[in-house]
K.L.:
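Before I ask anything, here is the structure I am working with.
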Amino acid sequence: MHEIALRAECLQKRFGGLAAVRDVSIDVHVGEIHAVIGPNGAGKSTLINLLSGELFANAGEILLGATNITAFAPDRRARAGLGRAYQKTTIFPKFSVHENVRLAAQARSSAPLRMFGGVQSDTECHRRAADAIGNAGLSGRSQVIADRLSHGEQRQLEIAMVLATDPRIILLDEPLAGMGQSEAREIIALIASLKIGRAVLIVEHDMDAVFELADRLTVMQDGGVIATGLPQEVRTHPAVRAAYLGNYGDVA
Amino acid sequence: MFEMNATRLRVWLFTLACLIAAIALPFLAPTYYVQFFAKALIMGMLAMALNLVVGHGGLVSLCHAAFFGLAGYVLALLSPRYDAASLLTTFPLAVLSSAAAGLVIGALALRTRGIYFIMVTLAFGEMLFFFFHDTKVAGGSDGIFINVRPEIAVAGRQLLDLDKPITFYFFVLACLVGVVALLTMVVRSPFGHALAAARDNERRARSLGFPIFRIRLIAFALSGGLAGVAGYLAAAQFGFVAPQMLGWHQSATVLVMVLIGGLRSVTGPLVGALVLIGLEEVLKAHLDNWKLAEGLIIIGIVVMLPNGIRQIWPMIFGSSPEVPVDAGRAEAEHAVAEARHA
Amino acid sequence: MDLITVSVQLLNAVQYGTVLFLVASGLTLVFGILGVINLAHGAFYMLGAYLAYWIALMTGSFALAMLGGVLIAFIVGMLLETVFVRLLYGRDHLAQVLLSFGLILVIDEIRQLLFGKDVHAVAPPAWLAGSIQLTDNLSYPVYRLAICVFCLMVAAAIFFVITRTKIGMIVRAGAENREMARVLGIKFDRVNRYVFAVGIALAALGGIVIAPISTVFPGMGDGMLILSFVVVVLGGIGSVAGAAVGALLIGLTDTFGKVFFPSVSSILIYVLMAAVLLWRPSGILGRRDV
Ligand SMILES: Nc1ncnc2c1ncn2[C@@H]1O[C@H](COP(=O)(O)OP(=O)(O)OP(=O)(O)O)[C@@H](O)[C@H]1O
Ligand SMILES: [Mg+2]
């Protein structure tokens with residue numbers, strides 16, 4: 001078994017009376033893609049927000065490697081090696097593709113807030129940005145202003161930005177949402193490549209993609225985990241079959 | 001690529017021409033105009049300082065007049081009654097006070113966003129206004145005089161005396177060049193890019209790992225300090241400071257300058273200041289109710305020119321409506337393109 | 001300080017707070033529903049006071065001044081929404097700030113043209129002109145008591161409208177979640193116009209009732225604008241209950257501040273605001289996620 005990159009223990013999040021996430025524990029291993037699935041409103045995005053620090057848990061603990069990051073703000077978690085992409089594309093729409101990714105690289109550079117000297121002088125930053133753009137399959141598009149990109153390209157850009165921050169774990173919230181078949185193929189291949197040397201946690205509704213990508217699977221419903229394990233184990237889990245019968249018929 | 005260099009050359013030549021004209025002015029124009037121009041340049045400095053947070057940071061601050069006035073008051077309070085204050089001590093002290101005020105007010109106001117931020121900065125700015133208005137610290141509502149302008153003297157020998165109009169003018173010009181250089185450097189630096197990133201998408205900037213609060217606080221304090229530079233000069237020029245200098249109408253007027261000049265460039269607000277102050281001067285000379293006209297003009301500008309006067313050009317000549325992006329950014333992208341081709 | 005003085009100061013605080021509430025609730029409603037920051041709100045407070053002065057001068061009746069002033073303000077509000085505030089919808093905050101700043105300059109000059117720039121006093125209605133003798137050497141003006149009662153009545157009416165009526169429901173829905181309300185088919189055009197007019201009328205009403213106990217002067221709107229902002233920051237944007245809490249807090253802080261710390265009293269409300277910002281940046285009754 002690979003080393004654990006991110007571990008959450010007994011996470012809880014309440015919105016007023018609603019327990020959006022309750023008692024969720026999850027381990028994400030280096031070199032693996034861990035998929036979280038579940039019906040709408042199961043609490044998947046909330047879980048990702050808890051892990052990335054955008055929401056603070058009412059109870060529970062989050063460990064990034066050996067560091068307890070439960071009390072860290074999102075930016076500090078990012079600097080500690082946690083990268084994320086959003087369910088709704090979240091980029092800098094008025095900047096070029098290169099500037100978007102360069103900013104990401106800058107955030108993890110040795111002097112991210114240097115006040116003298118232009119940005120172009122940091123060649124290391126530019127190189128990392130160019131690499132990330134290449135890895136995300138956007139070479140040749142780097143001078144395009146981000147909001148002129150197609151939807152699929154914007155998702156690629158988001159992944160490129162995450163890559164440029166050189167994270168140890170990547171959280172992806174529905175990276176395939178709203179994407180055509182051929183666009184989706186490219187992103188799936190890209191995601192599959194992310195796990196080399198990193199851990200990936202992905203939330204996705206597209207079951208074909210999930211079973212293609214996932215090394216490990218967690219199923220959520222009503223804020224809780226109803227099953228977790230290897231994909232073939234989870235597929236046959238009775239509680240999962242029951243939960244999914246209404247939505248997808250037979251899982252996969 | 002050649003075109004790009006040509007544009008850059010034009011920008012440099014234009015800047016150089018402006019600078020030469022500004023240097024030549026006191027030798028050509030009567031003192032009155034020199035003083036008037038110095039006043040306009042000082043307001044331009046204030047507008048540029050404000051634009052660091054408004055244009056580049058996306059934070060609409062309504063308390064910059066307070067930083068401006070505070071520095072003026074520091075000079076007034078440090079000036080001996082019948083003697084010149086030392087420029088070398090009062091100038092840094094005044095600027096640091098304004099920056100410190102920016103740090104404190106920023107630390108509180110930056111806990112809020114949007115409309116809240118506007119209201120909180122307005123309120124804290126007015127707090128400083130009332131402080132000088134209601135207490136006897138510095139003459140209360142009547143204000144306080146600076147009888148002798150500051151100087152630099154070493155061992156009894158006067159090296160620089162702001163009492164001389166020409167010396168004062170060149171000192172203002174030197175400060176202006178310094179402020180423009182500093183702001184240009186900051187805006188083009190990684191810090192400036194991070195500040196702009198936080199403006200365009202705070203959430204994304206934070207999740208990339210940028211400490212948004214710290215970035216904005218630094219920008220706010222820096223901008224407060226630069227507003228202090230302008231305030232110090234304004235106080236030295238008029239030889240008088242009064243609470244009105246800190247009032248929020250002043251802050252709002254400077255915001256108008258920023259908007260007129262355009263939010264995305266460093267020197268745009270300087271142009272905006274020259275335009276608005278010139279306009280005020282013309283209106284004052286010809287109208288009794290000039291503020292009515294000014295109000296209507298402001299409304300007209302905001303409605304018709306949301307990107308400032310640079311919009312007028314394409315409006316008149318019908319060329320591309322594409323407003324050129326910030327020169328700094330264009331340059332950075334240019335460099336990137338070069339790096340890629342190499 | 002003995003009990004009588006304390007209660008007199010308490011009355012002053014409440015009286016001050018209730019007027020503040022009138023003005024600030026208008027401001028917070030306009031924020032909450034229209035999503036517009038209106039710096040000219042204070043100018044309407046000033047205009048209300050001048051209208052009261054002028055109508056009282058013309059007719060000799062404070063009651064008419066009140067009615068006329070509020071009515072004029074309401075109509076002006078309706079007109080302004082149609083021709084001016086429209087320009088603000090959907091614009092960024094900077095544009096809103098500058099447009100309303102321009103409006104302030106215009107209103108100030110119009111006031112100058114109509115009423116001049118003199119400082120005026122307005123007499124309270126005769127039947128409220130007296131004082132109540134509290135002790136041998138302490139009395140309390142009846143008019144101040146009347147302000148308390150009147151403003152509390154208006155406040156009660158506002159709360160009734162907001163919590164119990166259909167209009168109020170729409171208003172609350174708009175403040176909570178504008179998009180959702182739009183999806184549910186609420187037409188904001190008319191609501192906007194009325195809300196803005198009511199907001200303006202509340203500002204003017206504040207100026208009218210304060211006119212007999214303060215002086216009527218050109219700069220009075222500015223001070224009130226800042227105070228209303230502090231009230232809204234304390235209470236939370238868009239929350240009328242928050243405005244009530246904030247206004248009362250400021251009334252108390254200011255009144256007792258003047259008694260106990262006269263030298264720094266004008267700074268105290270800002271200290272209070274700073275404390276609330278540290279404690280709850282989105283206001284005492286504001287939503288946390290702002
Ligand atoms: N900020 C919030 N305030 C109140 N309730 C919320 C908030 N965010 C989410 N919820 C509620 O928490 C529950 C879980 O939401 P979440 O977005 O995590 O679901 P999800 O599994 O990501 O669903 P989907 O597949 O539709 O994206 C939902 O009932 C949602 O309405
Ligand atoms: Mg979701």
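The sequence lines fix the lettering, A, B, ..., with proteins before strands; numbering per chain opens at 1. Keep in mind it's a predicted model, so treat the numbers as computed, not measured.
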K.L.:
Is it true that, when you exclude C:F261 itself, more than 12 heavy atoms of the residues, nucleotides or ligands shown sit nearer than 6.0 Å to its CZ?
P.N.:
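Check fails, neighbour count at 12 or below.
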K.L.:
Answer yes or no: does atom CZ of B:R203 have more than 12 heavy-atom neighbours from other residues, nucleotides or ligands under 6.0 Å?
P.N.:
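Buried by this count: over 12 neighbours within 6.0 Å.
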K.L.:
Give the member of B:I298, B:L263, B:L292 that has the highest number of heavy-atom pairs under 4.5 Å with chain C.
P.N.:
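Sorted descending by pairs with chain C, the first entry is B:L292.
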K.L.:
Take the angle between the ring planes of C:Y270 and B:F124 and call it parallel below 30°, perpendicular above 60°, tilted in between.
P.N.:
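Geometry flag for B:F124 against C:Y270: tilted rings.
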K.L.:
Just checking C:W54: does its CH2 atom have more than 12 heavy atoms from other residues, nucleotides or ligands closer to it than 6.0 angstrom?
P.N.:
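Incorrect, the count does not exceed 12.
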K.L.:
Please walk me through it: do B:H249 and C:F101 pass side chain to side chain contact (heavy atoms under 4.5 Å, CB included)?
P.N.:
CA-CA 8 Å; B:H249 279 230; C:F101 175 64; 3.9 Å; yes
K.L.:
For C:L113, is it the side chain, the backbone, both or neither that has a heavy atom under 4.5 Å from a heavy atom of chain B?
P.N.:
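Side chain only.
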K.L.:
Which of the residues B:N289, B:I297, B:I105, B:V258 is involved in the greatest number of heavy-atom pairs with chain C at under 4.5 angstrom?
P.N.:
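Ranked by contacts with chain C, first place is B:N289.
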K.L.:
Given a strict heavy-atom distance threshold of 4.5 Å, which part of B:H133 is in contact with chain C: side chain, backbone, both, or neither?
P.N.:
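When you check distances to chain C, no heavy atom of B:H133 falls under 4.5 Å.
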K.L.:
Where on B:I118 is there a heavy atom nearer than 4.5 Å to chain C: the side chain, the backbone, both, or neither?
P.N.:
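Just its side chain gets close to chain C.
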K.L.:
Is chain C contacted by the side chain of B:I301, its backbone, both, or neither, given a heavy-atom distance below 4.5 Å?
P.N.:
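For B:I301, neither part sits under 4.5 Å from chain C.
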K.L.:
Tell me, side chain or backbone of C:I269 under 4.5 Å from chain B's heavy atoms, or both, or neither?
P.N.:
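It is neither, since no heavy atom gets under 4.5 Å.
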K.L.:
Mind checking whether B:I115 and C:V232 have side chains closer than 4.5 Å, heavy atoms only?
P.N.:
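A side-chain contact is absent here, since even the closest heavy-atom pair is not under 4.5 Å.
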K.L.:
Does any backbone or side-chain atom of C:V230 lie under 4.5 Å from a heavy atom of chain B? Answer side chain, backbone, both or neither.
P.N.:
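Contact with chain B: side chain only.
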K.L.:
Would you name the heavy atoms of B:M119 and C:I37 that are closest together and state the gap between them?
P.N.:
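It is CG-CD1, 4.2 Å.
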K.L.:
In Å, rounded to the nearest 0.5 Å, how long is the span from CG of B:D288 to CD of C:Q112?
P.N.:
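Those atoms lie 10.0 Å apart.
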K.L.:
Rounded to the nearest 0.5 Å, what's the gap from CG on C:L105 to CG on B:L296? Could you check?
P.N.:
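Output value for this atom pair is 9.0 Å.
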K.L.:
Supply the atom-to-atom distance C:I110 CD1 to B:K291 NZ, rounded to the nearest 0.5 angstrom.
P.N.:
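Going from CD1 on C:I110 over to NZ on B:K291, the span is 14.5 Å.
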K.L.:
Could you tell me the separation between the CZ atom of C:F84 and the CD1 atom of B:I299, rounded to the nearest 0.5 Å?
P.N.:
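Between atom CZ of C:F84 and atom CD1 of B:I299 there are 4.0 Å.
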K.L.:
So what's closer than 4.5 Å to chain B heavy atoms on C:I107: side chain, backbone, both or neither?
P.N.:
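Neither; nothing under 4.5 Å.
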K.L.:
Against chain B, label C:L99 side chain, backbone, both or neither, depending on which of its atoms sit under 4.5 Å from a heavy atom there.
P.N.:
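Both backbone and side chain.
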K.L.:
Just how far is it from atom CD1 of C:I226 to atom CH2 of B:W248, taken to the nearest 0.5 Å?
P.N.:
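One finds 6.5 Å between CD1 of C:I226 and CH2 of B:W248.
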K.L.:
Measure distances from C:V97 to the heavy atoms of chain B and classify the residue's part below 4.5 Å as side chain, backbone, both or neither.
P.N.:
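Looking at C:V97, just its side chain touches chain B.
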K.L.:
From C:L94 CG over to B:L259 CG, what is the distance, rounded to the nearest 0.5 angstrom?
P.N.:
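So the gap between those two atoms works out to 5.5 Å.
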K.L.:
Do C:M273 and B:L108 make a side-chain contact, defined as non-hydrogen atoms from C-beta onward lying under 4.5 Å apart?
P.N.:
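Not touching, per the 4.5 Å side-chain cut-off.
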